[in-house]
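Here the structure is a predicted model, which means the values were calculated and not measured. Note: hydrogens, waters and symmetry copies are ignored here, and every other heavy atom, side chains too, is used. First listed ligand is number 1; within each ligand, the first listed atom is number 1. Position 1 is the first residue of the sequence, and the numbers go up from there.
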Amino acid sequence: MTSSFRHIVVLTGAGISRESGLHTFRDLDGIWAQVRLEDVCTPEAFERDPAGVHAFYNARRAQLADVAPNDAHRALAALEAAVTDGRLGADASLLVVTQNIDDLHERAGTRSLLHMHGELRRVRCNSCGATPAWDGPADGRTPCPACGRTTLRPDVVWFGEVPMHMDRIGEALGRCDLFVSIGTSGTVYPAAGFCEFAGRHARTVELNLEPTPGRTAFDEQQAGPATVLVPRFVSDLLDGR
Ligand code: APR
């Protein structure tokens, strides 16, 4: 007997990558406790100090070589494989929407994936708009592989900019019957509003190290590390529990 759910949307945040060794943003040892987001995560910061902003993202990009997906990422990839194999029904669907800019979901095998805040492993040319995959460092002297101009920026969404893929995300949220939020503090919109929107017609579940305060919109909140909660949730879902 498998799950009665057919269309699943999963939202992930920095908490799903914490046990892979990547820091979250707002925990006590978080990134925003080390550096001011106003200095590295706004268009104004890039205008003011492009080299400093590039250096911030170059360091985080380099860190990806030292980390690997964890059991939570792998459990979501296994869920996608089960959906693809028809185990939740011929017309079932799964979409993972991540706020993370790391590549751990891809490396775990997830393909049905949208990075609403962009990707560390891409840069974007402010002149021609190209968004080439990028592994090494980039800065104001790096030529765009497409147009040759030295106008590359990290291909990430900064505060004050419009998140990516919102049309496809809104469509998936509108038709889902299960919404699962994993490892996010629910403090940044529009992602913070997904639960309430989906909750009008879907079951909503939060899997987080601790229940995020005030997030009473969830039908269910499970507290614990993602590497424990997510594999168990996926197993229960596939067993129809
Ligand atoms: N397992 C599950 N959840 C965890 C774990 C873990 N091992 N460790 C931490 N968490 C939870 C924390 O309790 C917190 O609720 O993950 C959440 C991380 O919250 P944030 O640090 O705010 O990260 P996130 O929600 O992804 O931030 C959203 O803010 O700064 C912007 O663009 C940035 O995408 C980011 C957005």
Side-chain angles (χ1 to χ4, degrees), residues 10-46 53 56-57 59-61 63-64 67-76 96-105 108 113-122 124 153-166 169 179-196 204-218 220-234:
V10 176
L11 170 69
T12 65
I16 199 172
S17 298
R18 185 66 194 88
E19 291 160 272
S20 291
L22 294 178
H23 282 278
T24 62
F25 291 94
R26 295 171 182 82
D27 287 325
L28 291 178
D29 62 348
I31 293 171
W32 298 146
Q34 318 297 329
V35 64
R36 291 175 68 246
L37 68 87
E38 294 80 4
D39 293 342
V40 293
C41 202
T42 67
E44 295 76 15
F46 190 65
V53 172
F56 173 71
Y57 288 96
R60 293 179 65 196
R61 188 178 303 114
Q63 201 186 8
L64 294 179
V67 297
N70 63 49
D71 286 346
H73 299 104
R74 281 189 284 272
L76 292 181
V96 176
V97 178
T98 188
Q99 300 173 93
N100 300 340
I101 58 177
D102 64 54
D103 62 345
L104 296 179
H105 281 302
L113 174 67
L114 293 175
H115 281 270
M116 64 183 291
H117 290 168
E119 299 175 62
L120 263 180
R121 285 218 152 128
R122 287 192 182 284
R124 188 190 322 163
R153 60 164 276 180
D155 190 25
V156 300
V157 176
W158 288 324
F159 284 95
E161 295 185 322
V162 178
M164 299 178 180
H165 312 299
M166 285 310 295
I169 293 170
F179 173 76
V180 188
S181 174
I182 303 171
T184 178
S185 61
T187 47
V188 176
Y189 284 84
F194 289 175
C195 173
E196 204 165 335
T204 56
V205 179
E206 180 185 62
L207 309 178
N208 208 60
L209 194 62
E210 64 257 342
T212 42
R215 306 273 283 157
T216 51
F218 285 103
E220 179 188 358
Q221 289 182 295
Q222 294 183 25
T227 55
V228 172
L229 297 185
V230 182
R232 186 176 64 192
F233 183 82
V234 169

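Listed by number with element, the atoms of ligand 1 under 4.0 angstrom from any heavy atom of G13 are 26 (O). Each of the atoms 29 (O), 36 (C) of ligand 1 lies under 4.0 Å from some heavy atom of V188. Those atoms of ligand 1 with a heavy atom of P225 less than 4.0 angstrom away are 1 (N). Under a 4.0 Å criterion applied to the non-hydrogen atoms of F159, ligand 1 contributes the atoms 30 (O), 31 (C). Every atom of ligand 1 is numbered from 1 in the order shown, and the set under 4.0 Å from a heavy atom of G183 is 3 (N), 16 (O), 17 (C), 18 (C).
Ranking the protein heavy atoms by distance from atom 1 (N) of ligand 1 puts A226 N, 2.9 Å first. Closest to atom 26 (O) of ligand 1 among all protein heavy atoms lies A14 N, 2.8 Å. Shortest contact from atom 5 (C) of ligand 1 to any protein heavy atom: G15 O, 3.6 Å. When only non-hydrogen protein atoms are considered, atom 15 (O) of ligand 1 lies nearest to N208 ND2, 2.9 Å. Remark: minimum distance from atom 34 (O) of ligand 1 to any protein heavy atom is reached at H117 ND1, 2.9 Å. In this structure, atom 9 (C) of ligand 1 lies nearest to the protein heavy atom D27 OD2, 3.3 Å. Residue, atom and distance of the protein heavy atom nearest to atom 25 (O) of ligand 1 are T184 OG1, 2.6 Å. Taking atom 28 (C) of ligand 1 as the reference point, the nearest protein heavy-atom neighbour is Q99 OE1, 3.4 Å.
Between F46 and W158, the ring planes lie tilted relative to each other; the angle falls in the 30° to 60° range.
When side chains are defined from C-beta on, I31 counts as touching R60, because their heavy atoms get closer than 4.5 Å. No side-chain heavy atom of S181 sits under 4.5 Å from any side-chain heavy atom of F194. Counting heavy atoms from C-beta on, the side chains of R122 and R124 never come closer than 4.5 Å. Proximity of Q34 to H23: side-chain heavy atoms (C-beta onward) are nowhere separated by under 4.5 Å. At a threshold of 4.5 Å between non-hydrogen side-chain atoms, the residues C41 and R36 do not count as touching.
No donor-acceptor contact under 3.5 angstrom links the side chains of S185 and T212, judged on distance only. For Q99 and T184, the side-chain atoms include at least one donor-acceptor pair closer than 3.5 Å.
With a 4.0 Å heavy-atom cut-off, ligand 1 is reached by the side chain of E19 but not by its N, CA, C or O. Of all the heavy atoms of L209, the ones lying under 4.0 Å from any atom of ligand 1 are found in both the backbone and the side chain. Proximity of R26 to ligand 1, defined as any heavy-atom pair under 4.0 Å, is shared by backbone and side chain alike.
For ligand 1, the polar-atom distance check finds an N/O of E210 within less than 3.5 Å of one of the ligand's N/O atoms. Note: an N/O pair closer than 3.5 Å links F25 and ligand 1 by distance alone. Where the criterion is an N or O separation shorter than 3.5 Å, residue side chain and backbone included, W32 meets it with respect to ligand 1.
The only option from I169, V157, L114 that meets the side-chain contact (heavy atoms from CB on, under 4.5 Å) definition with M164 turns out to be V157.
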Stepwise side-chain hydrogen bond (donor to acceptor under 3.5 Å, both in side chains) test for N70 and S20 | CA-CA 6 Å; N70 63 49; S20 291; 3.0 Å; yes

Evaluate the side chain to side chain contact (heavy atoms under 4.5 Å, CB included) criterion for residues V156 and E119: first the C-alpha distance (whole Å), next the side-chain angles of each, then the deciding distance (0.1 Å), finally the verdict.
-> CA-CA 6 Å; V156 300; E119 299 175 62; over 6 Å; no

Audit row: D29, R18, salt bridge (charged side-chain N to carboxylate O under 4.0 Å, His left out) steps and yes/no | CA-CA 11 Å; D29 62 348; R18 185 66 194 88; 2.9 Å; yes

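Residue contact annotation: G30 has no non-hydrogen atom under 4.0 Å from ligand 1.
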